[in-house]
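Scroll down for the structure; my scribbles are underneath it.
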2 protein chains.
Amino acid sequence: MSTAEETAGGEMQPWAEVTPEAARRLLVAAVEAFAERGYHATTTRDIAGRAGMSPAALYIHYKTKEELLHRISRIGHERALDILRTAARREGTATERLADAVSSFVRWHAGGRTTARVVQYELDSLGPDARAEIVALRRQCDAEVRGIIEDGIAAGEFEVLDVRGTTLAVLSLCIDVARWFNIAGPWTPDEVGALYADLVLRMVGAHKAPAAGK
Amino acid sequence: MSTAEETAGGEMQPWAEVTPEAARRLLVAAVEAFAERGYHATTTRDIAGRAGMSPAALYIHYKTKEELLHRISRIGHERALDILRTAARREGTATERLADAVSSFVRWHAGGRTTARVVQYELDSLGPDARAEIVALRRQCDAEVRGIIEDGIAAGEFEVLDVRGTTLAVLSLCIDVARWFNIAGPWTPDEVGALYADLVLRMVGAHKAPAAGK
DNA sequence: GGCCTTGCTAAGCGCTCGCTCACCTTCGGC
DNA sequence: GCCGAAGGTGAGCGAGCGCTTAGCAAGGCC
């Protein structure tokens, strides 16, 4: 299984780039708390407590509570874009690349559900400047997926009525995995990824099956 | 266009069942505020202000802020179930009924985006008892859609790998409309409903087109 | 050994939150 | 014209919020 996320230069430890260690502990604690209760319902005391520190320690490493959300959101979106971009630009037919993109993206949303929830659903809690930066990253995600679909249409592999709408629906389907996964059913991230890749290929009217990719 | 929502006994004024009028005004104000900022970021002063009343007036009609969310969520879910049930139990082939269910359900999420956002995304802000009641309604929504898909398979109209997973994906796709609609693109609720009905029929491998339904 | 710098804590500031309470209208019944 | 109920208000309570500040322990440098 040589799929997008292993070859994207991504770390296995998703927050390894955050230093020093105390700042990373606080950030991981914030991800968990935000995913569980939501940004506004999470207190700085809760975050510091989960990291085993006093409330004041948070403000040595971060200027505000919102900066924590901003850094989480930016790193998460960069990772998401990385996954999609790697799948979009690998070799192979549009069918294979779309299946890879969807299964990788879904696996990320299912496996890292805590992170993905924060990344995908707490966007409105950011201030205008931070939100604008993140929205730009999201548009790039959209462009990568739309690119694959347009390639598939040009190559005669896909049959799509509305490229823009179908792109949005494909991304929407993947993103919403972060909301329901692990609440509803007994699937592994791999299983959901495979199922969703099949569903998406049907949505774009792909003519031939992907190359046995999981 | 004789589709689910017109024949479901639903009101055109969605909150008509809430009386007296002051209680309804407060509830409508709460829906708007919750949809804009989220439950936890909304203050009781904000809700009362939007309704043109003093903060204390809220507590004449509702015991707590959470009771407001609970009532909104229950009425909204009952409406959603109503839409799906009407489409599921009308006459017609499984293909026609599924297309009707999806397009009606999507139109409701797109058109009443403020309400749908609260209903679909603020579930975790409810306490355990209220949440359990709402989750039961959601399971009934799931059962209605699964029923149509199983009918379609039995009738040889659909080809589906995983009934439970596909059902979940169909509902997920529709629900997520409440998150992105009116942010991303220039579609009307009708257009999104029609596009999504087509996409979902592809997902279930429907063999013949639906009967010209919008 | 004296002395900064770094990373942290205990205490608490100012503020706003959900919610309450004492009181004030308005109005139908008689 | 008086009365009680229903529906409203202004002021404010206790609690908890995001964030700040004064001070402390530890380690490298001279």
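The sequence lines fix the lettering, A, B, ..., with proteins before strands; numbering per chain opens at 1.
- Atom CG of B/D46 is separated from atom P of C/dC17 by 9 Å (rounded to the nearest Å).
- Note: CZ (B/R24) to C1' (D/dG7) measures 16 Å, nearest angstrom.
- The separation between B/L58 atom CG and C/dT20 atom P is 11 Å, rounded to whole Å.
- The separation between B/K63 atom NZ and C/dT20 atom P is 10 Å, rounded to whole Å.
- Residue B/H61 places none of its side-chain N or O atoms closer than 4.0 Å to OP1 or OP2 of D/dA6.
- Salt-bridge formation is detected for the pair A/R146/A/D142: a Lys NZ or Arg NE/NH1/NH2 atom is positioned less than 4.0 Å from an Asp or Glu carboxylate oxygen.
- By the 4.0 Å N-to-carboxylate-O rule, B/R37 lies too far from A/D124 to be salt-bridged with it.
- A donor-acceptor pair under 3.5 Å is formed between the side chain of B/E67 and the backbone N or O of B/K63.
- Residues passing the side chain to side chain contact (heavy atoms under 4.5 Å, CB included) test with B/R45 are B/T43, B/P55, sequence neighbours excluded.
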Per-nt protein contacts along nucleotides 9-18 of chain D (heavy atom under 4.0 Å; B base, S backbone sugar-phosphate only, - none) come out as BB-B----BB

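- In this structure, A/H109 and A/F105 have perpendicular ring planes: the angle between them is above 60°, well past the 30° mark.
- Using cut-offs of 30° and 60° for the angle between ring planes, the A/W187 and A/W180 rings count as perpendicular.
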